[in-house]
Amino acid sequence: MRIFVTGAGGQIGSDLITTLRERGHEVHGSDLGPRPERLSADVPWHQLDVTDADRVAGVLGEVAPARVFHLAAILSARGEQIPLVTYAVNQTGTYNVLEACRTKGIEQLVFTSTIAVFGPGLPEYAGDDVPLRPTTMYGVTKVAGELLGEYYQRRFGLDFRGVRFPGLISATLPGGGTSDYALFMYVDGVRRGAYEAFCRADSRIPLMYMPDGLRALVELGDAPRAKLRRSIYNIAAFSPTAQQIADSVAGAIEGVRITFAPDPTRQAILDSWPRALDDRNAREDWGWKAAYDLDAMTADLVPRVRELLARTPGALDGHH
Ligand code: SER
């Protein structure tokens, strides 16, 4: 199948493209910048700004994929620094991609939603159909993206489906997320032997290891539509406290020092999200089940981060 991925230069894109190609698909990537070095040079790549409606329609019309994975977005913490740009990229960008799917006759759009669609006051364990009252621009645009996609499905017959991701952890830098403290415990734990987390030790949000996240996208995309009773699904893996992650990292990296210095803005975002997600609909409808728990992730990820930094010492340089 021919597949198109937007925002493919981000935290999920390279790994998703590699996974899809391993499954025999022809995959085109796109992002504002050039093809990331970690992607094979024969991946067709399109420099594309999703806020440019004409270009989005032009490129999608030309490539004519059967399926689009729409990943392009600015995450929650970065989004609070630049809310208007975040609105343009996340909201207008999603609208442009939906419109291009409609006008170019593209069959299926897979959307990446998030725990950030939830806001304060929910039960600790949140189901799919709780009220969505996010406090961040990122969350607001993701709620709107979910609703707009469902509208395109109802009104225009687009096969729209998506997951609400927990914070994703892998050996790739994300685009300014609030869940990044978990990832940096691993990355800075390996390269510096220490990390000062921007949250309290008792912070607890849903997290997931990237291989599970990739599998969720692939499996949801492939699920027969008739089995799906809804379009957007919570998916879950594990929900440790920040201290529990630090302990797991300490078990794998000798002498590592993880400390906590909460940043008020990011702590407030963390505190506004539910502690855990109820993913029973995903389990029932398309057989979703996470494979990695916290310690299995640690055992797999620490050697990967070590290997990556040994090969390319600057590979994970970037903002915190
Ligand atoms: N990882 C994301 C963030 O922190 C959650 O969707 O913004």
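When a ligand or atom number is given, it counts from 1 through the structure's own listing order.
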Side-chain donor or acceptor of R38 paired with backbone N/O of T172 under 3.5 Å:
no
Below 3.5 Å, N or O to N or O, backbone or side chain included: is there any such pair between D180 and ligand 1?
no
Atoms in ligand 1 with a heavy atom of L75 nearer than 4.0 Å:
7 (O)
Is the terminal nitrogen or CZ of K142 (NZ for Lys, CZ for Arg) located under 6.0 angstrom from the six-membered ring centre of F111 and within 45° of that ring's axis?
yes
Is there a heavy atom of Y181 sitting under 4.0 angstrom from any atom of ligand 1?
no
Can a cation-pi geometry be assigned to R266 and F198, taking NZ or CZ under 6.0 Å from the six-membered ring centre and within 45° of the ring axis?
yes
When distances are taken from atom 6 (O) of ligand 1, the protein heavy atom at minimum range is T114 OG1, 2.5 Å
How are the rings of H46 and F4 set to each other: parallel, tilted or perpendicular (split at 30° and 60°)?
tilted
Donor-acceptor list for residues 112-119 side chains, cut-off 3.5 Å, not counting sequence neighbours:
unit_1 : atom_1 : unit_2 : atom_2 : d
T112   : OG1    : H70    : O      : 3.0
S113   : OG     : E146   : OE2    : 2.6
T114   : OG1    : A116   : N      : 2.7

Compute the shortest N/O to N/O distance between S179 and ligand 1 and return yes if it is under 3.5 Å, no if not.
yes
Which residue and heavy atom of the protein sit nearest atom 7 (O) of ligand 1, plus the separation:
S76 OG, 2.5 Å
For R2, all residues meeting side-chain hydrogen bond (donor to acceptor under 3.5 Å, both in side chains), sequence neighbours excluded
E26
List the closest protein heavy-atom neighbour of atom 4 (O) of ligand 1: residue, atom name, distance to the nearest 0.1 Å.
T178 N, 2.5 Å
